[in-house]
2 protein chains.
Amino acid sequence: MVKITDVARHAGVSPSTVSYALSGKRPISEETRRRIEASILQLGYSPHAGARALASSRSNVLALVIPLRAGIHVPVVMQFAVSVVTSARQHDHDVLLLTQEEGEAGLRRVADTALVDALIVMDLQLHDARLPLLRALDRPSVLIGFPQEPEGLTCIDLDFRAAGELCVEHLAGLGHRVIGLVGSPPEVYVRETGFAQRVVQGFTAAADRNGLSSSVHPCESTPAAARQVAEQLLRERPALTGVVVHNEPILEPLIDAFEGLGLRVPRDLSVTAICPDELAERARVPVTSIAIPAAEVGAGAVDLLMKKLGGGAAPEVTLLSPRLTVRASTMPRP
Amino acid sequence: MVKITDVARHAGVSPSTVSYALSGKRPISEETRRRIEASILQLGYSPHAGARALASSRSNVLALVIPLRAGIHVPVVMQFAVSVVTSARQHDHDVLLLTQEEGEAGLRRVADTALVDALIVMDLQLHDARLPLLRALDRPSVLIGFPQEPEGLTCIDLDFRAAGELCVEHLAGLGHRVIGLVGSPPEVYVRETGFAQRVVQGFTAAADRNGLSSSVHPCESTPAAARQVAEQLLRERPALTGVVVHNEPILEPLIDAFEGLGLRVPRDLSVTAICPDELAERARVPVTSIAIPAAEVGAGAVDLLMKKLGGGAAPEVTLLSPRLTVRASTMPRP
DNA sequence: CTGAAAGCGCTAACAC
DNA sequence: GTGTTAGCGCTTTCAG
């Protein structure tokens, strides 16, 4: 193995000069720098990560905790992960993958052994057991998602409240006056990440603001439940012409159910959703939707972490603005 | 930060004794071990990963390269990844996540800097550009999937040939005499991972062995193509009663197409597939299928790597036997 | 702008 | 069964 002393000798300089040439932490004469670079290339030198970590107390590795819980949409998680890795690499960092399974112990382990410099945690519960630990850890962290109390933490996610509002604004702009939100399963509104509640808040607020008649319908993620909600909606609110869906698995079944009941989308009923683009695109009728900007969130999380690692302060709350993509499932009220 | 000398002093032993107590690399008296463990707990000691890596030339980290290519089924990739992480942890290793994007440079980087001890590479092309590098690297690696020439490498995957055979045996056992394989898009048979070819080989061999009349139909992954293949099959092979599908996206569309042409599944036509269970389960008619045993493959890959890291020899080829799950889409020939 | 040298915290001979 | 100690390869004062 070729080491820094080999390079130094070969270039006729001291090891520290090579080190500084590599890190840029002090000025090196053009001439010296070129000689060093040539030697590195010629000898095929790569600094030893462990030695570096030991001497500098920086591993240049980030931990990424990915969720395993049922009900999460896997492709989106993958998008987050890829985006985090890509962004991390741009900051000369690597990414260590942790599963939710290891829980607090895993976080503590990689932090305490100095395996990683910082952590990114996805998929937070409103009252996550890991929060106290994350607050206490000597290493910075960024959370993707929001717990009940973001105090003392750094969180980033799509602004789900604004997403709910934006869906309503879109429908209102098309002239719809009676709308419904078909939401996540009831239990999601109780525990979990709270994003479901925020969608409801945004939906309701925007509906009120625009003078729309609105109603909210939590719904299990089964076709049968979707059918039931569709029937109920038509029965109770015959003037309904707009629906917002925030429940990935039943997007298609719900549309099927409405069509089975004689409503054509979008002729009789406009449908918007908060869901991954791929799902919205692939539906029988491509659905006007707001996607989770996984790439932006991932990159943003890394940027925040880098700022903190650099000693800077990061905002506790970072909300990304939703963007609505108009597709074939919405049109002006008949 | 509390270090090994602190623990040693606190426990009244030498640093090396603490080290050996931790690694188990030499016998420690019961009494001493207890004192050390108590001190570790009391002081909250965690060994510094970098220092460890430097002194032992072992980082206890594995690299996992995940694919990004279009056409791969994301949930399966995630299953692999989770399984690798879980298995690695059981061997006291962590997992560094690399994306395909970095290519050879990424592999070289993490290997040369001694960031990782070994590598797992997913989603190999038949003639993968990374193969020479993997063969030359001073660190062991395991490939999930098979290149054209596995010589000098260690590969593991589902036995796709046996999977093709098993589907046919199942249909033959139900009395079907005329069967077809609806396969992956044509281009997949040319480049890519070669698993598609192996399914065809198994399918054809088993059909011949059982005296069945068989035909193979590559198919684009679009509903339109699926419809076309269905029509063609009915036209050219009116006696057809069994179909094997090896093309995830069109599994449902193909069944729809057959039903649209007046065939009921499974009454008139038995359908089996090679695809993730979730897909097979969720179909309109739950499909008898062979899944990719992602958890087993991931765990197997880690086991092979550990064997190699331990200085042992690992077989070049490890094929996992397919398991067929009977669901509602197959029944005896009418 | 460059060098010398003292560690970083741990492991693994080597000694007993 | 335990202790002593020499590194592992790099970074970073301190000195010039």
Side-chain angles (χ1 to χ4, degrees), chain A residues 1-37 39-40 43-61 92 109-117 138, chain B residues 1-37 39-40 43-61 92 109-117 138 309 311:
Chain A
M1 186 206 194
V2 30
K3 39 202 190 194
I4 202 169
T5 51
D6 299 329
V7 175
R9 193 175 322 114
H10 188 272
V13 296
S14 76
S16 63
T17 302
V18 177
S19 176
Y20 284 119
L22 246 26
S23 69
K25 287 190 181 170
R26 82 181 185 190
I28 304 283
S29 77
E30 193 43 40
E31 156 67 5
T32 307
R33 151 162 288 124
R34 275 198 301 89
R35 276 220 314 288
I36 292 175
E37 274 164 8
S39 298
I40 288 176
L43 301 181
Y45 167 69
S46 325
H48 187 286
R52 219 168 214 199
L54 178 56
S56 68
S57 36
R58 279 300 192 103
S59 67
N60 276 36
V61 175
D92 193 32
R109 182 173 55 78
V110 296
D112 289 352
T113 59
L115 224 194
V116 307
D117 295 333
D138 55 332
Chain B
M1 185 204 193
V2 30
K3 38 201 189 197
I4 201 168
T5 51
D6 299 329
V7 175
R9 193 175 322 114
H10 188 272
V13 297
S14 77
S16 63
T17 301
V18 177
S19 176
Y20 284 119
L22 245 26
S23 70
K25 287 190 182 171
R26 84 181 184 190
I28 304 284
S29 77
E30 192 45 40
E31 156 66 5
T32 308
R33 149 162 290 122
R34 275 198 301 89
R35 275 219 315 288
I36 292 175
E37 275 165 8
S39 299
I40 288 177
L43 301 180
Y45 167 68
S46 325
H48 188 286
R52 221 170 212 195
L54 178 56
S56 68
S57 36
R58 282 298 194 103
S59 67
N60 275 38
V61 174
D92 194 31
R109 182 172 56 79
V110 295
D112 289 352
T113 59
L115 224 193
V116 307
D117 295 334
D138 55 331
L309 278 174

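Keep in mind that this is a model prediction, so the values were computed, not measured. Quick note on labels: first sequence line is chain A, next is B, and so on, each numbered from 1.
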Colleague: How many Å lie between CZ on A:R52 and C1' on C:dG9, as a whole number?
Modeller: 18 Å
Colleague: Find the distance B:H48:NE2 to D:dG9:P and express it as a whole number of Å.
Modeller: 17 Å
Colleague: Can you identify which nucleotide, out of D:dC10, D:dT2, C:dA12, has its nearest atom closest to the B:S16 side chain?
Modeller: C:dA12
Colleague: Figure out the OH/P separation between B:Y20 and C:dA12, and round it to whole Å.
Modeller: 7 Å
Colleague: Roughly how many Å is it from CZ in A:R35 to P in C:dG3, rounded to a whole number?
Modeller: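 Atom-to-atom, A:R35 to C:dG3, this comes out as 8 Å.
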Colleague: Which nucleotide in the list D:dG3, D:dC8, C:dG7 gets nearest to the side chain of B:A55?
Modeller: D:dC8
Colleague: Heavy atoms, side chains only, cut-off 4.5 Å: are B:T17 and B:R35 in contact?
Modeller: no
Colleague: Using atom CE of B:M1 as one end and atom P of C:dG9 as the other, report the distance to the nearest whole Å.
Modeller: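 Spelled out: CE on B:M1 to P on C:dG9 is 6 Å.
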Colleague: Between B:T32 and D:dT2, does any side-chain N or O lie under 4.0 Å from OP1 or OP2?
Modeller: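 It does, given that an N or O in the side chain of B:T32 lies less than 4.0 Å from OP1 or OP2 of D:dT2.
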Colleague: Quick one: on DNA chain C, does A:P27 or A:P15 contact a more 5' nucleotide (nearest heavy atom)?
Modeller: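 The residue mapped nearer the 5' terminus is A:P27.
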Colleague: Please determine if a side-chain N or O atom of A:K25 lies less than 4.0 Å away from the OP1 or OP2 oxygen of D:dT12.
Modeller: yes
Colleague: Are OP1 or OP2 of C:dT2 and a side-chain N or O of A:S29 less than 4.0 angstrom apart?
Modeller: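 The answer is yes; a side-chain N or O of A:S29 sits under 4.0 Å from OP1 or OP2.
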Colleague: Using a strict threshold of under 4.0 Å (side-chain N to carboxylate O), is an ion pair present between A:R9 and A:D6?
Modeller: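 Looking at A:R9 together with A:D6, the answer is yes, because their closest N to O distance falls below 4.0 Å.
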Colleague: Hey, which sits more toward the 5' end of DNA chain C by its nearest nucleotide, B:S56 or B:R26?
Modeller: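 With B:R26 and B:S56 compared, the 5'-side residue is B:S56.
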Colleague: Given side chains that start at C-beta, do those of B:R26 and B:S16 come closer than 4.5 Å, heavy atoms only?
Modeller: yes
Colleague: Out of D:dC10, C:dT2, C:dC10, which nucleotide sits closest to the side chain of A:I4?
Modeller: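 Closest nucleotide to the A:I4 side chain: D:dC10.
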Colleague: Rounded off to whole Å, could you give me the CG-to-P distance for the B:L54 and C:dA12 pair?
Modeller: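 Whole-Å distance recorded here is 12 Å.
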Colleague: If we only count heavy atoms from C-beta on, is the A:L115 to B:V61 side-chain gap below 4.5 Å?
Modeller: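 A:L115 reaches B:V61 side chain to side chain.
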Colleague: Within this structure, what is the CG-to-P distance between A:N60 and D:dT11, rounded to whole angstrom?
Modeller: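 A:N60 atom CG is separated from D:dT11 atom P by 10 Å.
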Colleague: Could you state the atom-to-atom distance from CD1 of A:I36 to C1' of D:dT11 in whole Å?
Modeller: 14 Å
Colleague: Just so I know, are the side chains of A:L22 and A:Y45 near enough to count as touching, which here means a heavy-atom distance under 4.5 Å?
Modeller: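 Touching, per the 4.5 Å side-chain cut-off.
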